[in-house]
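Everything numeric here is computed off the predicted structure, so don't read it as measured data.
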Amino acid sequence: MTILVTGGAGFIGSNFVLEWLRDSDELVVNLDKLTYAGNLANLKSLQGDARHVFVQGDICDRALLDQLLAIHSPRAIVHFAAESHVDRSILGPGEFMRANVEGTFALLEAARAYWNALEGEAKAGFRFHHVSTDEVYGSLKADEAPFSETHAYEPNSPYSASKAASDHLVRAWHHTYGLPVTTSNCSNNYGPYHFPEKLIPLMISNALAGKALPIYGDGQQIRDWLYVADHCSAIRAVLAGGRVGEVYNVGGWNEMPNITIVQAIIVLLDELAPRKNADGVKTSYANLITYVKDRAGHDRRYAIDARKIERELGWRPQETFESGIRKTVEWYLANADWVADVQSGAYREWLGKQYGELQR
């Protein structure tokens with residue numbers, strides 16, 4: 001038995017692969033292009049493990065996809081591979097259209113050809129699981145109910161528009177061709193191996209380096225936060241028992257403003273890695289908070305209604321925000337070498353464009 005995972009060297013994908021192989025002996029074929037956010041160091045513990053087959057390649061490469069499906073005959077495809085950072089999508093939307101739209105199309109077509117050639121139980125049991133985001137639903141007002149699976153799509157950034165397009169492709173390939181698909185739309189993830197351009201790892205790495213902690217606008221943008229291991233368990237639940245053609249929203253039941261997240265990180269860092277000023281006097285990382293101009297089209301609030309996946313599949317997140325954020329900060333403190341390695345020259349160049357003098 002084999003599964004094919006795309007984007008399995010990225011943040012969520014690598015956590016999924018590690019957790020899958022911790023609990024299962026089923027072979028994982030891991031296809032990742034290794035762009036700036038794909039990192040084989042995330043999978044270092046799997047070196048020499050015959051259950052993990054890594055292939056560097058592009059999901060837009062149809063010939064490669066056909067070859068991998070023919071050789072490994074997976075019972076499922078779990079599709080993580082995507083460009084995912086809103087700020088990068090604003091600066092350069094073209095790669096988001098290519099990876100998220102064209103890449104998903106190529107993967108769906110390869111999966112359809114492969115599935116059509118299957119027979120009997122292999123065909124009946126095959127699944128294509130598409131991993132998406134709550135950002136496809138747009139922005140909520142303070143008094144609006146959280147996003148349900150039937151909420152209208154209203155993407156507001158090039159990133160969310162590209163993911164919305166990929167969701168629609170997955171839906172259409174099921175309804176038109178019968179491809180057995182499931183989709184999950186998740187809230188903001190955090191945890192180990194998170195590339196330090198996103199809010200939580202950026203705040204941790206900047207604080208430890210004594211750099212400014214840049215907060216967009218007034219810092220009151222609200223997100224629902226989900227520990228990455230809980231997201232991985234939700235995907236496993238959908239693969240095991242999700243209904244074909246259905247969408248499952250996955251959330252952490254943790255709505256918080258960005259500034260509250262940053263303040264929670266500061267409290268933990270003040271406890272676990274106390275900072276001292278030039279005179280050797282203990283001082284709080286809170287002094288590094290710097291408010292910067294809000295980004296274009298910044299959605300005000302996201303919130304996920306995750307009752308459907310709980311009702312149908314019995315899934316609920318195991319981590320509270322308090323337990324998850326402590327585990328996350330502790331992981332970054334214990335893995336300073338990983339952070340240093342991923343902060344390449346290209347990454348620093350991008351941060352300079354995004355935040356200017358604050359990163360120098």
Side-chain angles (χ1 to χ4, degrees), residues 3 5 8 10-24 26 76 78-80 84 127-137 140 142-151 163 167 170 181-194 198-201 222-258 260-261 264-265 268 301-331:
I3 64 168
V5 175
F11 164 45
I12 304 174
S14 63
N15 274 279
F16 179 83
V17 170
L18 291 169
E19 295 213 1
W20 185 274
L21 292 177
R22 183 195 65 192
D23 300 330
S24 169
E26 187 170 5
V78 186
H79 178 33
F80 292 98
S84 65
R127 295 291 182 270
F128 182 110
H129 182 73
H130 176 57
V131 181
S132 192
T133 171
D134 59 358
E135 295 193 37
V136 299
Y137 298 124
L140 289 169
D143 59 348
E144 285 186 295
F147 299 129
S148 70
E149 289 81 359
T150 58
H151 194 284
K163 288 299 289 185
D167 290 9
V170 172
V181 306
T182 50
T183 295
S184 55
N185 293 83
C186 72
S187 59
N188 281 34
N189 279 214
Y190 67 99
Y193 302 112
H194 205 175
K198 302 294 182 74
L199 177 68
I200 288 176
I222 293 173
R223 302 292 183 263
D224 175 16
W225 293 91
L226 176 68
Y227 190 64
V228 65
D230 282 327
H231 186 193
C232 294
S233 71
I235 294 170
R236 292 199 303 271
V238 174
L239 275 177
R243 289 185 289 136
V244 170
E246 290 295 312
V247 174
Y248 294 92
N249 281 354
V250 183
W253 299 105
N254 286 307
E255 281 190 67
M256 292 186 186
N258 285 349
T260 301
I261 300 299
I265 292 168
L268 286 168
R301 173 177 170 245
Y302 306 143
I304 281 285
D305 180 344
R307 288 178 295 178
K308 178 179 176 179
I309 191 172
E310 180 179 4
R311 182 176 64 250
E312 294 192 9
L313 304 178
W315 178 89
R316 275 191 68 88
Q318 297 302 300
E319 299 290 344
T320 64
F321 181 75
E322 290 72 23
S323 65
I325 195 64
R326 177 173 286 273
K327 287 183 177 181
T328 301
V329 171
E330 289 175 343
W331 187 90

Residues that [X] engages under salt bridge (Lys or Arg N to Asp or Glu O under 4.0 Å), provided they are two or more places apart:
{"X": "Glu312", "answer": "Arg243"}
{"X": "Glu310", "answer": "Arg316"}
{"X": "Arg301", "answer": "Glu255"}
{"X": "Asp305", "answer": "Arg307"}

Could you work out, with side chain to side chain donor-acceptor pair (under 3.5 Å) as the rule, every residue matching [X], not counting sequence neighbours?
{"X": "Ser323", "answer": "Glu319, Thr320"}
{"X": "Arg326", "answer": "Glu271"}
{"X": "Thr182", "answer": "His129"}
{"X": "Asn189", "answer": "His231"}

Name all residues meeting the side chain to side chain contact (heavy atoms under 4.5 Å, CB included) criterion together with [X]; count only those two or more places apart in sequence or in a different chain, and write none if there are none.
{"X": "Glu149", "result": "Val247, Asn249, Lys308"}
{"X": "Ser187", "result": "Asp134, Asp224, Leu226, Ile304"}
{"X": "Ser14", "result": "Asn42, Leu43, Tyr193"}

Determine, stepwise, if the pair Trp20 / Val78 fulfils side chain to side chain contact (heavy atoms under 4.5 Å, CB included).
CA-CA 12 Å; Trp20 185 274; Val78 186; over 6 Å; no
Just jot down the ring pair (Phe, Tyr, Trp, His ring centres under 6.0 Å) partners of Tyr248, sequence neighbours excluded, or say none.
none
Close side-chain approach of [X] and [Y], heavy atoms under 4.5 Å:
{"X": "Ser233", "Y": "Trp315", "result": "yes"}
{"X": "Val136", "Y": "Phe147", "result": "no"}
{"X": "Phe16", "Y": "Ile3", "result": "yes"}

Nearest-0.5 Å distance that lies between atom [atom1] in [X] and atom [atom2] in [Y]:
{"X": "Thr260", "Y": "Ile265", "atom1": "OG1", "atom2": "CD1", "answer": "11.0 Å"}
{"X": "Tyr302", "Y": "Glu135", "atom1": "OH", "atom2": "CD", "answer": "3.5 Å"}
{"X": "Glu246", "Y": "Leu313", "atom1": "CD", "atom2": "CG", "answer": "10.0 Å"}
{"X": "Asp167", "Y": "His130", "atom1": "CG", "atom2": "NE2", "answer": "4.0 Å"}
{"X": "Glu19", "Y": "Leu21", "atom1": "CD", "atom2": "CG", "answer": "10.5 Å"}
{"X": "Ser84", "Y": "Ile12", "atom1": "OG", "atom2": "CD1", "answer": "7.5 Å"}

For the student: nearest non-hydrogen atoms of [X] and [Y], plus distance:
{"X": "Gly251", "Y": "Ala306", "answer": "N-CB, 3.8 Å"}
{"X": "Ile325", "Y": "Tyr190", "answer": "N-CE1, 3.6 Å"}
{"X": "Tyr227", "Y": "Gly191", "answer": "CE1-CA, 3.9 Å"}

Given the rule in the side chain to side chain contact (heavy atoms under 4.5 Å, CB included) test, do Phe80 and Val17 qualify, once you have shown the distances and angles that lead to the verdict?
CA-CA 11 Å; Phe80 292 98; Val17 170; over 6 Å; no
Near Glu330 CD, under 6.0 Å, is it more than 12 heavy atoms from other residues, nucleotides or ligands?
yes
